[in-house]
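Structure first, commentary second.
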Amino acid sequence: MIWLCGDTHGDLDIDKVIRFFSKQKDVTKDDYLIILGDAEICLDDGIVDDVVYGIISKLPCTVLWVDGNHENFDLIEKYPVKEWNGGKVQFINGTIHLMRGQVYQLQGHSYFVFGGGDSIDKKVRTIHEDWWPQEMPSKEEYDEGKKNLKKAEWKVDYILSHSCPRSIACNLVKRINKDEEELLDYFDWVKDNVEYRKWYFGHFHRDETIKGKHYCLYRNFVQIKERLE
C-alpha cells in the first residue's frame, strides 16, 4: 500500500507520522509513505539528520519524498542519481528522494512527481545555510518533466508535488507569491494538458479538497490502495 502526507519538516512535524503508523497493522517495507515536500530529511548532515533518520528507520514502511522549498539542496546534490521504478531517484539516509519531472510505476499506478517551491521568508534566511536557490526548478527540470509526460502519452494516474497549479492555489491563498509564479504556471500547463485521476500536494499547511480531484495535505493521510485497470 501507499500512503501520502504533507510536510514533516524534519523532526518538527514527524510526530503525526509516528502516531499514524502506530495504529496501522500488517505494514512492511514493501509499503510506502510519500511525503509531499519539506521533508527536511537531508538538512545538516549532522545531529538533525541523525535524529530524523533514527525516527524513520523505526517506521514499518519505506519512506519516499518529494522535495519542497525547505531542503538542503547543496547536500542533496552530492548523492548519486539512480534509476528506480521508471524514474530517477536518490537514496538518502534510508529514504528515497523522488526527483523532479519523473514518472514512476508504483504498485500498479503511474505517478508524475515534481517538487520545488518558493520560501516566502527567504529574505530573513541565509543563502546556502538555511535557504537554497535550487528550491525553485530549473529550465532543464521543467523540460525533463514535459519530456517524460510525453513518453507517458500525456496520461498518468496521480500527480504528486509540493506546490500546485496557480488556478488551485487561488483557492488557498489570498495573494499569489510572485516568486513562485513560474512554477505555478508550469503546473497549470500540466493540469490543462495531462490526463490524471488525482493531484496531491503539500506546502500550504492545510487539509483541503479543491475542484474535486486536487488535494492539499498536511495533517491528513491518504491511502492509495485500489488497483487500476
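- Between L75 and C42, the shortest heavy-atom contact is CB-SG, 3.5 Å.
- Residues V156 and V103 form a side-chain contact, since some pair of their non-hydrogen atoms from C-beta on lies under 4.5 Å apart.
- Panel note: side chain N85, backbone L106; no donor-acceptor pair is recorded below 3.5 Å.
- Between the OG atom of S167 and the NZ atom of K191 there is a distance of 3.5 Å, given to the nearest 0.5 Å.
- Under the 4.5 Å side-chain heavy-atom criterion for ILVMFWY residues, no single connected hydrophobic cluster contains both Y79 and V81.
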Run the numbers on I56 and N93 for side chain to side chain contact (heavy atoms under 4.5 Å, CB included), then give the verdict. CA-CA 9 Å; I56 286 175; N93 297 341; over 6 Å; no

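- Between K16 and C5 the shortest heavy-atom distance is CE-SG, 4.5 Å.
- Summarising the geometry, atom CG belonging to N171 is positioned 6.0 Å from atom CD1 belonging to I210; distances are rounded to the nearest 0.5 Å.
- Summarising the local packing, NZ of K29 is surrounded by more than 12 heavy atoms from other residues, nucleotides or ligands at distances under 6.0 Å.
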Full working for side chain to side chain contact (heavy atoms under 4.5 Å, CB included) between H109 and R197: CA-CA 11 Å; H109 306 138; R197 289 169 56 91; over 6 Å; no

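- Using bins of under 30°, 30° to 60° and over 60° for the plane-to-plane angle, the ring pair F20/F221 lands in the parallel bin.
- Counting only distance, with no hydrogens or angles, the side chain of D179 and the backbone of D118 share no donor-acceptor pair below 3.5 Å.
- Taking Ile, Leu, Val, Met, Phe, Trp and Tyr as hydrophobic and joining them when side-chain heavy atoms fall under 4.5 Å apart, one finds W131 in a cluster with I127.
- Judged by distance alone, the side chain of S110 and the main-chain N or O of D157 form a donor-acceptor pair under 3.5 Å.
- Under the 4.5 Å side-chain criterion, counting only non-hydrogen atoms from C-beta, I76 is not in contact with Q134.
- Under the ring-ring contact (aromatic ring centres under 6.0 Å, His included) criterion, Y186 pairs with F114, Y142, not counting sequence neighbours.
- Every residue two or more places apart in sequence or in another chain that forms a salt bridge (charged side-chain N to carboxylate O under 4.0 Å, His left out) with D143 is listed here: K139.
- In this structure the side chain of K88 reaches within 4.5 angstrom of the side chain of E83, judged on heavy atoms.
- More than 12 heavy atoms of other residues, nucleotides or ligands sit less than 6.0 Å from atom NZ of K213.
- Side-chain heavy atoms closer than 4.5 Å link hydrophobic residues (I, L, V, M, F, W, Y) into clusters, and following such links, possibly through other members, connects I168 to W199.
- The 12-atom threshold is exceeded at CG of D192, counting heavy atoms of other residues, nucleotides or ligands nearer than 6.0 Å.
- A distance of 12.5 Å separates CD of E195 from CG of L149, quoted to the nearest 0.5 Å.
- Classification of D185 and R166 as a salt-bridged pair holds, one side-chain N sitting under 4.0 Å from a carboxylate O.
- Here the side chain of E71 pairs no donor or acceptor atom with the backbone of G37 at under 3.5 angstrom.
- Between D188 and P165 the shortest heavy-atom distance is OD1-CB, 3.3 Å.
- When every heavy atom of E208 is checked against every heavy atom of L172, the shortest pair comes out as OE1-CD2, 3.8 Å.
- Here CG of D67 is found 11.0 Å from CD1 of I41. Values are rounded to the nearest 0.5 Å.
- The two atoms that bring H162 and N69 nearest to each other are NE2-OD1, 3.0 Å, heavy atoms only.
- Applying the salt bridge (charged side-chain N to carboxylate O under 4.0 Å, His left out) rule to E77 yields no partners; only residues at least two apart in sequence or on another chain are considered.
- Listed here is the closest heavy atom pair of H128 and P133: CE1-CD, 3.9 Å.
- No single ILVMFWY cluster, assembled from side-chain heavy atoms under 4.5 Å apart, contains both I55 and L12.
- For the pair E40/V52, no side-chain contact is recorded, criterion being any heavy-atom separation below 4.5 Å from C-beta on.
- The only member of V66, L64, L160 that meets side chain to side chain contact (heavy atoms under 4.5 Å, CB included) when paired with L4 is L160.
- Scanning for salt bridge (charged side-chain N to carboxylate O under 4.0 Å, His left out) contacts around K78 gives an empty result, with sequence neighbours left out.
- Looking at L98 and V89, their side chains come closer than 4.5 Å, going by heavy atoms from C-beta outward.
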Could you walk me through whether Y218 and R206 pass side chain to side chain contact (heavy atoms under 4.5 Å, CB included), step by step? CA-CA 5 Å; Y218 184 44; R206 293 170 65 176; 5.7 Å; no

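- Remark: side-chain polar atoms of D31 are paired, donor with acceptor, to backbone N or O of M1 under 3.5 angstrom.
- Under a hydrophobic-cluster definition in which Ile, Leu, Val, Met, Phe, Trp and Tyr are linked whenever side-chain heavy atoms come within less than 4.5 Å, directly or via other members, L43 and L36 are assigned to different clusters.
- E144 is not listed as a side-chain neighbour of R100, based on a closest heavy-atom distance of 4.5 Å or more.
- A salt bridge links D13 with R219: the distance from a Lys NZ or Arg NE/NH1/NH2 to an Asp or Glu carboxylate oxygen falls below 4.0 Å.
- Of the residues F204, F201, Y196, Y200, the one that meets the ring-ring contact (aromatic ring centres under 6.0 Å, His included) test with H214 is Y196.
- Clustering ILVMFWY residues whenever any of their side-chain heavy atoms sit less than 4.5 angstrom apart, transitively, puts I34 in a cluster other than the one holding V63.
- Counting heavy atoms from C-beta outward, E180 and H203 have side chains that approach closer than 4.5 Å.
- Using a distance-only test at 3.5 Å, with no hydrogens or angles considered, no donor-acceptor pair links the side chain of D7 to the main chain of H9.
- Donor-acceptor pairing under 3.5 Å is lacking for the side chains of W154 and N193.
- Between the OG1 atom of T8 and the CD1 atom of I35 there is a distance of 3.5 Å, given to the nearest 0.5 Å.
- In this structure, the side chain of S138 engages the main chain of E141 through a donor-acceptor pair within 3.5 Å.
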Using the rule given for side chain to side chain contact (heavy atoms under 4.5 Å, CB included), can you reason through V113 versus M99, listing the C-alpha separation, both sets of side-chain angles and the distance that settles it, and then say yes or no? CA-CA 7 Å; V113 174; M99 299 181 71; over 6 Å; no

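- Aromatic pair Y104/Y111: centroids not less than 6.0 angstrom apart.
- Atom OG of S161 sits about 10.0 Å away from atom CG of L184, to the nearest 0.5 Å.
- The closest side-chain heavy-atom distance from W3 to V27 is below 4.5 Å.
- Residue pairs that meet the ring-ring contact (aromatic ring centres under 6.0 Å, His included) test with at least one member in residues 43-73, sequence neighbours left out, are W65-H97.
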